[in-house]
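Heavy-atom basis, side chains included; hydrogens, waters and symmetry copies ignored. Every value quoted in this text rests on a predicted model; they were computed, and no experiment measured them.
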Amino acid sequence: MENSDNIKTVRELLVLLGSERVRLAAYGDGDPSERSGQKPGEKALIQAAWKNEFPAKLFGVVEGLCIQEGIECPRDLFGFQFAHCEGLA
């Protein structure tokens, strides 16, 4: 697998995988919104690139695409929330 140390941003990963490919895999090919004209998931991916953080719920989809391309999926580009586990060994 290619080293993910080279991938530093959500935007870089979207370019490598193809943002449309990620959008289709994550959100499907639904009709554009009547109000915004955007396809399902377009706004979420634009916001992810702007915030430099994918929603955690997309990890499985993005990781699967990374595996197909033979690149590592940098977990630090996802908005995981971890509970504090004080006292656990």
Can you give me the closest heavy-atom contact between [X] and [Y], atom names plus distance?
{"X": "Leu13", "Y": "Cys66", "value": "CD1-SG, 3.8 Å"}
{"X": "Gln38", "Y": "Ile46", "value": "NE2-CD1, 4.0 Å"}
{"X": "Leu16", "Y": "Ile7", "value": "CD1-CD1, 3.6 Å"}
{"X": "Leu45", "Y": "Leu14", "value": "O-CD1, 4.2 Å"}

Could you list the donor-acceptor pairs under 3.5 angstrom formed between side-chain atoms of residues 47-57 and any protein atom two or more places apart in sequence or on another chain?
{"residue": "Asn52", "atom": "OD1", "partner": "Val10", "partner atom": "N", "Å": "2.7"}

For this session: Go through the structure and list residues passing ring-ring contact (aromatic ring centres under 6.0 Å, His included) with Phe59, not counting sequence neighbours.
Result: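 Listed in chain order: Phe78, Phe80.
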For this session: With rounding to the nearest 0.5 Å, note down the distance linking CD in Glu72 to CD1 in Ile67.
Result: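 So the gap between those two atoms works out to 10.5 Å.
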For this session: Apply the test side-chain contact (heavy atoms from CB on, under 4.5 Å) to residues Ile71 and Asn6: give CA-CA distance (whole Å), side-chain angles for both, the deciding distance (0.1 Å), then the verdict.
Result: CA-CA 10 Å; Ile71 59 176; Asn6 299 331; over 6 Å; no
Exercise. Tell me, which pairs form a ring-ring contact (aromatic ring centres under 6.0 Å, His included) where one or both residues lie in residues 29-48, sequence neighbours left out?
Worked result: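 Listed by first then second residue: nothing to list.
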Exercise. With a 4.5 Å heavy-atom cut-off, do Pro32 and Lys39 have their side chains touching?
Worked result: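 They are in side-chain contact.
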Problem set entry | Pair listing, side-chain hydrogen bond (donor to acceptor under 3.5 Å, both in side chains) test, anchored in residues 12-32, at least two apart |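 Listed by first then second residue: Glu20-Arg23, Arg21-Gln68, Arg21-Glu69.
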